[in-house]
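Not measured: the values here are computed from a predicted model.
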Amino acid sequence: MDATHEASRETGFAGESGAVMIQERLQKRHQARAEDAERRKEAKDSKSVAEEKGEYFSSTFNTERASIEEMLSACSGADRAAVTRRLEEATAKTVQLQKFLNDSMLFLTQYELRKAQAALLKLQSAIAEAREEALPRKKFAFRARTKATDKVAETPSPEADTRTDSGVAKVDGAAESEQCSFSNMDNVSLTKTAVDVQKRDVLLSHLTNCKVRLFGSPSTLHLKHIDGCEILCGPVSSSVFIDHCRNSTLAIPCQQLRTHHTTDTRVYLHVTSRAIIEDCHGVSFAPFSWSYPTLEEDFEVSGLDRDRNNWSQVDDFNWLAAGAHSPNWTVIPEADRKTTWDL
């Protein structure tokens, strides 16, 4: 008795039709096994490619990071001109390293991504510290002008009349970026134009109940000790750092957002990497919705990807429970989101 006839008896099929059905079943089983084998091969190949990409990313990232760290080390003991040049180069290379990370996010693991983000933040902090140590900001305050100072102002000295290409006067030879700030103000409306902020570091500190409008594309934005303010900013080409902010509303596009010690604050965000919060609570997020006439042009200047917005992808460094949402931040319900803003 042949195998087909025996199989027919066991399966309850008889005759030619039973043999055909058995043959079809065997073919389907063979096809399913072949497809499963192909899926496993594709998964293995995909994993291999991801590992190769991860190794390339890690090698390239670490090499560039070491190069930037070497630049910062060389700042120690150098003259002001050399320090300024090295800090500018280190800042530019750090921006490129951030873009490299953004482009590599799709194949990096969460561990690799967080590790790279932490390394970038450490670099950015080191650059800020080196700049503050070697090129300290000039402290200033608004004072009532006396007749004596008016007389002095009538006779400008060559130093006092030194101006940049943009027409903004330098103070005591300070770099343009060091002048771009608002500090120690209450209950006022403040504005800086694209000419003021374009490709510069902007610092807002110790502001209370203020409305701030920053048009243009800053290089970085630092917010420190902000209370009860509404701050709207054009596209920031690299990072935004927020520290000790409360009861405020912010609208910011950027490559990276790092927020510390912030409470009860709403953030209307466009971010091309992932937002990071630490030691925060009561922070809520919604998509960036501020608009002004030259916004699209400023996005072009910033280099930010208009179509990539990870506003709801927030990493809380104080919340490590896998699969559980951090209680320290929320998404603003659509019905509660602000859609119109005063210029």
Quiz item: With a 6.0 Å cut-off on ring centres, are Phe61 and Phe100 close enough?
Solution: no
Quiz item: Just wondering, more than 12 heavy atoms not from Glu300 lying within 6.0 Å of its CD?
Solution: no
Quiz item: When you check the side-chain N and O atoms of Asp243 and His261, is any donor under 3.5 Å from an acceptor?
Solution: yes
Quiz item: Do you see a donor-acceptor pair shorter than 3.5 Å between the side chains of Ser291 and Trp341?
Solution: no
Exercise. Taking atom CD of Glu296 as the centre, report whether more than 12 heavy atoms of other residues, nucleotides or ligands fall under 6.0 Å from it.
Key: yes
Practice problem: Look at the side chain of Ser219 and the backbone N and O of Arg200, then say whether any donor-acceptor pair between them is shorter than 3.5 Å. | Solution: no
Self-check item: CG-CG distance between Asp227 and Asp186, expressed to the nearest 0.5 angstrom
Solution: 9.5 Å
Quiz item: Is a side-chain donor or acceptor of Ser217 paired with a backbone partner of Pro235 at a separation under 3.5 angstrom?
Solution: yes
Quiz item: Looking only at atom types and distance, does a side-chain atom of Arg213 sit under 3.5 Å from a main-chain N or O of Leu190, one as donor and one as acceptor?
Solution: no
Quiz item: For Asn187 and Cys210, which heavy atoms make the closest approach, and how far apart are they?
Solution: N-SG, 3.8 Å
Practice problem: Flag yes if Val301 and Leu304 sit in one hydrophobic cluster, no otherwise; membership is Ile, Leu, Val, Met, Phe, Trp, Tyr, and two members link when side-chain heavy atoms are under 4.5 Å apart. | Solution: no
Quiz item: Regarding Lys338 and the six-membered ring of Tyr268, is the cationic atom NZ or CZ under 6.0 Å from the ring centre and inside 45° of its axis?
Solution: no
Quiz item: Are Val95 and Ile127 co-members of a hydrophobic cluster defined by side-chain heavy atoms under 4.5 Å apart?
Solution: no
Exercise. Search all heavy atoms of Leu207 against all heavy atoms of Val212 and return the closest pair with its distance.
Key: CD1-CG2, 4.0 Å
Self-check item: Residues forming a side-chain contact (heavy atoms from CB on, under 4.5 Å) with Ser67, sequence neighbours excluded
Solution: Met71, Lys93
Self-check item: Backbone of Ile332 reached by a side-chain donor or acceptor of Asp336 within 3.5 Å
Solution: no
Quiz item: Ion pair present between Asp264 and Arg246, side-chain N to carboxylate O less than 4.0 angstrom?
Solution: no
Self-check item: Between CG on residue Asn310 and CZ on residue Phe285, distance to nearest 0.5 Å
Solution: 12.5 Å
Quiz item: Could Lys211 and Asp342 be called an ion pair, given the rule that one side-chain N must be under 4.0 Å from one carboxylate O?
Solution: yes
Quiz item: For Ser273 and Gln256, what are the C-alpha separation, side-chain angles and deciding distance, and is it a side chain to side chain donor-acceptor pair (under 3.5 Å)?
Solution: CA-CA 6 Å; Ser273 59; Gln256 185 178 44; 4.9 Å; no
Quiz item: With the 4.5 Å side-chain cut-off for hydrophobic clustering, are Ile231 and Met185 part of the same group?
Solution: yes
Quiz item: Do the side-chain N and O atoms of Ser205 and Ser183 include a donor-acceptor pair separated by under 3.5 angstrom?
Solution: yes
Quiz item: Just by distance, do the side chain of Asn209 and the backbone of Val188 share a donor-acceptor pair under 3.5 Å?
Solution: no
Quiz item: For atom NZ of Lys115, is the number of surrounding heavy atoms from other residues, nucleotides or ligands below 6.0 Å larger than 12?
Solution: no
Quiz item: Leu214 pairs by side chain to side chain contact (heavy atoms under 4.5 Å, CB included) with which of Thr193, Leu204, Thr191?
Solution: Leu204
Self-check item: Atom pair NZ/OG of Lys199 and Ser238 - distance to nearest 0.5 Å
Solution: 8.5 Å
Quiz item: Looking at OG1 of Thr265 and NE2 of His281, how far apart are the two atoms once the value is rounded to the nearest 0.5 Å?
Solution: 9.5 Å
Practice problem: Decide, yes or no, whether a salt bridge links Arg266 with Glu230 under the criterion of side-chain N to carboxylate O below 4.0 Å. | Solution: no
Quiz item: Looking at OG1 of Thr60 and CD of Glu55, how far apart are the two atoms once the value is rounded to the nearest 0.5 Å?
Solution: 11.5 Å
Quiz item: Out of Thr263, Ile242, Asp316, Thr262, which residue meets the side chain to side chain contact (heavy atoms under 4.5 Å, CB included) rule with Cys280?
Solution: Thr262
Quiz item: In Å and rounded to the nearest 0.5 Å, what is the CG to CD distance from Leu101 to Glu112?
Solution: 10.5 Å
Exercise. Using the ring-ring contact (aromatic ring centres under 6.0 Å, His included) rule, pick out the option among Trp290, Phe288, Phe299 that qualifies with His270.
Key: Phe299
Quiz item: What are the two closest non-hydrogen atoms of Gly228 and Ser248, and how far apart are they?
Solution: N-OG, 3.2 Å
Quiz item: Residues two or more places apart in sequence or in another chain: which of them pass side chain to side chain donor-acceptor pair (under 3.5 Å) with Thr220?
Solution: Asp201
